[in-house]
Number of protein chains: 2
Amino acid sequence: MTHRDNIINLAEKPVARGPVAGAEADLRAEQKPKKYAHKKLLAIEAAAKVFAEKGFHGATTQDIAKEMGIQQGSLYYYFKSREQALQEVCEYGFDVYVERMKKICVKDQPFEAKMMAIITSHLTNYSHKDSAMKVHNEQRLYLPVERRSRIKELGTNYRRLLEATLTEGINAGVLRADIDTHFIAYSIIGICNSWGANLIRDDSLNLFETIEQCSDLILYGTLCKNV
Amino acid sequence: MTHRDNIINLAEKPVARGPVAGAEADLRAEQKPKKYAHKKLLAIEAAAKVFAEKGFHGATTQDIAKEMGIQQGSLYYYFKSREQALQEVCEYGFDVYVERMKKICVKDQPFEAKMMAIITSHLTNYSHKDSAMKVHNEQRLYLPVERRSRIKELGTNYRRLLEATLTEGINAGVLRADIDTHFIAYSIIGICNSWGANLIRDDSLNLFETIEQCSDLILYGTLCKNV
DNA sequence: GGAATTTTCTATAGATCTATAGAAAAATAT
DNA sequence: ATATTTTTCTATAGATCTATAGAAAATTCC
């Protein structure tokens with residue numbers, strides 16, 4: 001079995017769905033109401049924005065409700081609790097995100113291009129999904145473990161895809177054979193998260209320049225080639 | 001003026017002390033009491049630990065007092081407010097830290113060794129100063145701007161030292177001439193903070209291996225040299 | 001030992017904030 | 001038009017949590 005097979009297997013294994021421990025699926029969303037599903041999304045986005053700004057513990061249900069333009073008490077029509085709101089924000093978009101990552105990893109293209117696509121995907125997520133990704137990175141550990149299983153699962157999937165891609169790069173002779181794929185995967189995620197947070201904070205930063213610089217650093221390092 | 005001169009100048013300019021806006025120096029600590037100064041340090045460390053675990057907004061004065069083994073109300077003997085405790089935790093150790101950085105940057109040694117020393121210093125800080133550095137990284141933005149001036153100043157000093165060292169590396173022909181020192185400096189800090197947080201969380205991680213791997217990634221990147 | 005000073009304790013006012021209950025309003029269906 | 005369902009509102013109990021005040025205990029000084 002080749003490493004490409006490995007990646008394809010990982011990529012095609014459907015993400016486990018259905019009730020995960022502590023997930024408490026939103027019954028309303030799966031049933032009749034029409035308007036509900038849409039407004040629930042708005043609620044998640046409002047929560048994401050507020051959590052991103054004030055942190056989980058610093059954000060009140062009042063704040064989130066205000067962001068949505070409804071009364072504090074009404075928020076409980078969409079979330080059973082403030083904690084559940086955090087959970088849903090953390091999970092929001094991560095699904096899509098991991099799926100996108102799978103497509104990138106499976107695609108047959110030069111390693112450098114793949115790395116750039118991965119970084120682009122990671123950083124673009126910060127600017128598109130608004131604040132959900134930032135909240136995921138910074139606040140998820142405030143969730144009790146029971147609520148984190150799905151998030152952890154998605155994160156592990158993501159990291160494994162990255163590691164497999166790195167291994168593939170080594171086998172293809174593109175990457176150094178002596179790197180630790182686990183370490184490098186974590187580092188890439190670390191750099192991306194760090195710049196992702198900067199991108200959100202600082203409007204003057206250019207997304208595409210940042211992507212290029214990140215790729216460049218990870219691939220080529222900083223030492224002069226002539227030495 | 002050479003770049004080395006630049007660094008030396010930076011390194012020898014004494015860190016601005018005295019009352020910074022919003023700093024509200026702890027009068028008690030500067031006056032007579034003997035036991036006070038010592039126990040105040042314990043208070044800062046207790047606060048650091050609790051803030052690191054629960055986040056600023058998630059940590060109560062009760063939690064901090066309990067960590068110190070005193071009553072909730074007694075905590076106010078050491079801090080005027082919970083917010084001031086956060087400020088002091090964020091500043092704690094950073095002084096020493098920047099001083100250490102200056103010494104490293106000024107010292108005449110091969111660039112690779114310097115980079116390793118810088119990373120060692122940054123990561124060691126995480127394991128020694130317990131949680132203060134983590135709190136600084138994750139929670140300082142919850143402080144109102146008035147309380148952040150000193151912290152910002154120290155951070156800028158630190159980053160400038162790093163940038164100057166990188167520039168020096170370029171001029172010495174060791175580093176690629178086309179890197180953006182500002183970008184690389186931020187990235188180094190990002191990687192270190194990301195691994196620093198991992199080190200605190202995961203006991204099984206080896207500090208020295210992590211240091212070597214970080215240096216290696218930043219200097220050499222991941223691409224195979226033969227390509 | 002007794003006075004002065006430092007440190008800690010107890011108790012609490014006043015200000016949140018979450019989550020719920022039940023009424024009201026809006027939307028949809030019949 | 002009326003009944004049914006969905007969505008929002010108001011009001012509030014009950015549970016925090018911060019910060020202060022003043023008494024008590026511990027320590028230091030003479």
Side-chain angles (χ1 to χ4, degrees), chain A residues 22 24-47 50-51 53-89 139 142-144 146-147, chain B residues 22 24-47 50-51 53-89 139 142-144 146-147:
Chain A
E24 306 169 34
D26 187 336
L27 288 177
R28 264 194 275 266
E30 294 171 9
Q31 285 166 1
K32 303 133 207 174
K34 297 183 167 182
K35 200 178 156 191
Y36 185 82
H38 170 66
K39 198 134 192 204
K40 169 86 191 222
L41 264 188
L42 293 182
I44 291 177
E45 278 165 11
V50 174
F51 284 146
E53 270 167 27
K54 305 194 164 188
F56 172 61
H57 293 289
T60 66
T61 50
Q62 177 70 264
D63 295 328
I64 301 173
K66 197 174 180 186
E67 176 71 33
M68 282 183 74
I70 62 177
Q71 294 300 107
Q72 183 263 336
S74 307
L75 192 68
Y76 285 77
Y77 185 61
Y78 297 103
F79 300 114
K80 246 176 153 178
S81 70
R82 193 172 63 111
E83 211 173 58
Q84 199 195 24
L86 176 59
Q87 181 180 349
E88 298 207 24
V89 167
Q139 314 284 328
Y142 296 138
L143 284 173
E146 325 79 91
R147 284 190 180 279
Chain B
E24 306 169 34
D26 188 337
L27 290 177
R28 261 193 276 266
E30 294 171 9
Q31 285 167 1
K32 305 131 204 172
K34 297 182 168 183
K35 200 178 157 194
Y36 185 82
H38 170 66
K39 199 136 193 202
K40 168 88 190 220
L41 265 188
L42 292 183
I44 291 177
E45 277 164 13
V50 174
F51 285 147
E53 270 167 27
K54 305 195 166 189
F56 173 61
H57 292 290
T60 67
T61 49
Q62 176 70 264
D63 295 329
I64 301 172
K66 198 174 178 187
E67 177 69 34
M68 282 183 75
I70 62 176
Q71 293 301 106
Q72 184 265 335
S74 307
L75 192 68
Y76 285 76
Y77 185 63
Y78 297 102
F79 300 113
K80 244 175 155 180
S81 69
R82 193 172 62 110
E83 210 173 58
Q84 199 194 27
L86 177 58
Q87 180 180 351
E88 298 208 24
V89 167
Q139 315 284 328
Y142 296 137
L143 283 172
E146 329 75 272
R147 284 189 181 278

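Just so it is clear, the model here is predicted, and its values are computed rather than measured. Naming convention: chains lettered A, B, ... in sequence-line order (proteins, then strands); numbering from 1 in each chain.
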| message | I'd like to check the side chain to side chain contact (heavy atoms under 4.5 Å, CB included) partners of A/Gln139; sequence neighbours left out, ordered by chain and number. | response | A/Phe56, A/Leu86, A/Val135, A/Tyr142, B/Tyr142
| said: Going by salt bridge (charged side-chain N to carboxylate O under 4.0 Å, His left out), name the residues that satisfy it together with B/Glu83, two or more places apart in sequence or in a different chain. | reply: B/Arg147
| task | Not counting sequence neighbours, which residues clear salt bridge (charged side-chain N to carboxylate O under 4.0 Å, His left out) with B/Lys66? List them please. | result | none
| Within this structure, what is the CZ-to-C1' distance between B/Phe79 and C/dT7, rounded to whole angstrom? | 15 Å
| said: Which residues pass the side-chain hydrogen bond (donor to acceptor under 3.5 Å, both in side chains) test with A/Thr60, not counting sequence neighbours? | reply: A/Asp63
| message | Once salt bridge (charged side-chain N to carboxylate O under 4.0 Å, His left out) is applied, do any residues pair with B/Lys39, and if so which ones, sequence neighbours excluded? | response | none
| Which angle, rounded to 10°, do you find between the first-five-pair axis and the last-five-pair axis of the helix from C/dG1-D/dC30 to C/dT30-D/dA1? | 10°
| request: Tell me, please, which residues at least two apart from B/Leu41 pass side chain to side chain contact (heavy atoms under 4.5 Å, CB included). | output: B/Tyr92
| note | In 5'-to-3' order, the base (B), backbone-only (S) or no-contact (-) status of each nucleotide in nucleotides 8-21 of chain D, using a 4.0 angstrom heavy-atom cut-off, is BBB------SBBB-
| task | Could you tell me which residues satisfy side-chain hydrogen bond (donor to acceptor under 3.5 Å, both in side chains) with A/Gln72, sequence neighbours excluded, listed by chain and number? | result | A/Thr61
| Geometric class of the B/Tyr78/B/Tyr36 ring pair [parallel <30°, tilted 30-60°, perpendicular >60°] | parallel
